[in-house]
Amino acid sequence: MTIGWKLTEQCRAALLAAYPARYANVVADHVTLSVGGTQAPHQVSHARIVGRADDGLGVEAMVVSIDDSTVRPDGKTWHITWSLAEGRVARESNDVIAELGWHAMDGGGLALFPAHW
């Protein structure tokens, strides 16, 4: 089971209109806290998009600040996998951000709610 936060449909639609997905498989729906964990996600008081990463080969992600930090408890970077090309998977966003870094941007606030899937 994955736990984290989902974007509200209204927030997701507004962000995709402002920042169209580069690749055909549009994800743009959640921020992961952990996979296989049992820790319940807390209610986020402040979340926003602060950057973007794209390897140019099929992985696009938006870097997120949650409660004024971009660092997840596991040391990786909070993000939303934005879009993927065929054959690419969402977990690759972590690698792209770690290997290539990200470009700062002010992408606006996020409306998130705790979820598991």
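Atom set for the values below is all heavy atoms of this structure, side chains included, hydrogens, waters and symmetry mates excluded.
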Using distance only, find each side-chain donor-acceptor pair of residues 102-117 under 3.5 Å and give its atom names and separation, not counting sequence neighbours.
| from | atom 1 | to | atom 2 | distance (Å) |
| --- | --- | --- | --- | --- |
| Asp106 | OD1 | Arg48 | NH2 | 2.5 |
| Asp106 | OD1 | Gly108 | N | 3.3 |

Determine, using the 4.5 Å side-chain heavy-atom cutoff (strictly less than), whether Val35 and Val71 are members of one ILVMFWY cluster.
no
If hydrophobic clusters are built by linking Ile, Leu, Val, Met, Phe, Trp and Tyr wherever their side-chain heavy atoms come under 4.5 Å apart, do Trp82 and Val26 end up in the same one?
yes
Is Ile3 reachable from Ile80 through a run of I, L, V, M, F, W or Y residues, each pair having side-chain heavy atoms under 4.5 Å apart?
yes
So how far is it from Asn25 CG to Glu60 CD, rounded to the nearest 0.5 Å?
11.5 Å
Determine, using the 4.5 Å side-chain heavy-atom cutoff (strictly less than), whether Leu15 and Val27 are members of one ILVMFWY cluster.
no
Can you give me the closest heavy-atom contact between Ala90 and Thr81, atom names plus distance?
O-OG1, 3.4 Å
For a 4.5 angstrom cut-off between non-hydrogen side-chain atoms, does Tyr23 reach Val59?
no
His42: which residues meet the ring-ring contact (aromatic ring centres under 6.0 Å, His included) condition with it, sequence neighbours left out?
Trp5
Should Val64 and Thr70 count as side-chain neighbours, where that means a heavy-atom distance under 4.5 Å?
no
When you compare the side chain of Asp29 with that of Leu7, does any pair of heavy atoms fall below 4.5 Å?
no
With sequence neighbours excluded, give me every side chain to side chain donor-acceptor pair (under 3.5 Å) pair touching residues 8-22.
Arg22-Asp54
In short, Ser83 meets Ala21 closest at the heavy-atom pair CB-CB, 3.6 Å
So, taking the atom named CD in Glu99 and the one named CD1 in Ile97, what distance separates them when rounded to the nearest 0.5 Å?
11.0 Å
Indicate yes or no: at least one non-hydrogen side-chain atom of Asn94 is less than 4.5 angstrom from one of Arg72.
yes
Which value, rounded to the nearest 0.5 Å, describes the distance between Arg91 atom CZ and Thr2 atom OG1?
11.0 Å
Hey, are the side chains of Asp55 and Arg88 touching, using non-hydrogen atoms and a 4.5 Å cut-off?
yes
Rounded to the nearest 0.5 Å, what separates atom OG in Ser34 from atom CE in Met1?
9.5 Å
Hydrophobic cluster membership, with links at side-chain heavy-atom distances under 4.5 Å among I/L/V/M/F/W/Y: are Val50 and Ile66 in one?
no
Distance from Met62 atom CE to His79 atom NE2, nearest 0.5 Å?
12.0 Å
Are any of the side-chain heavy atoms of Val63 and Ile49 separated by less than 4.5 Å?
no
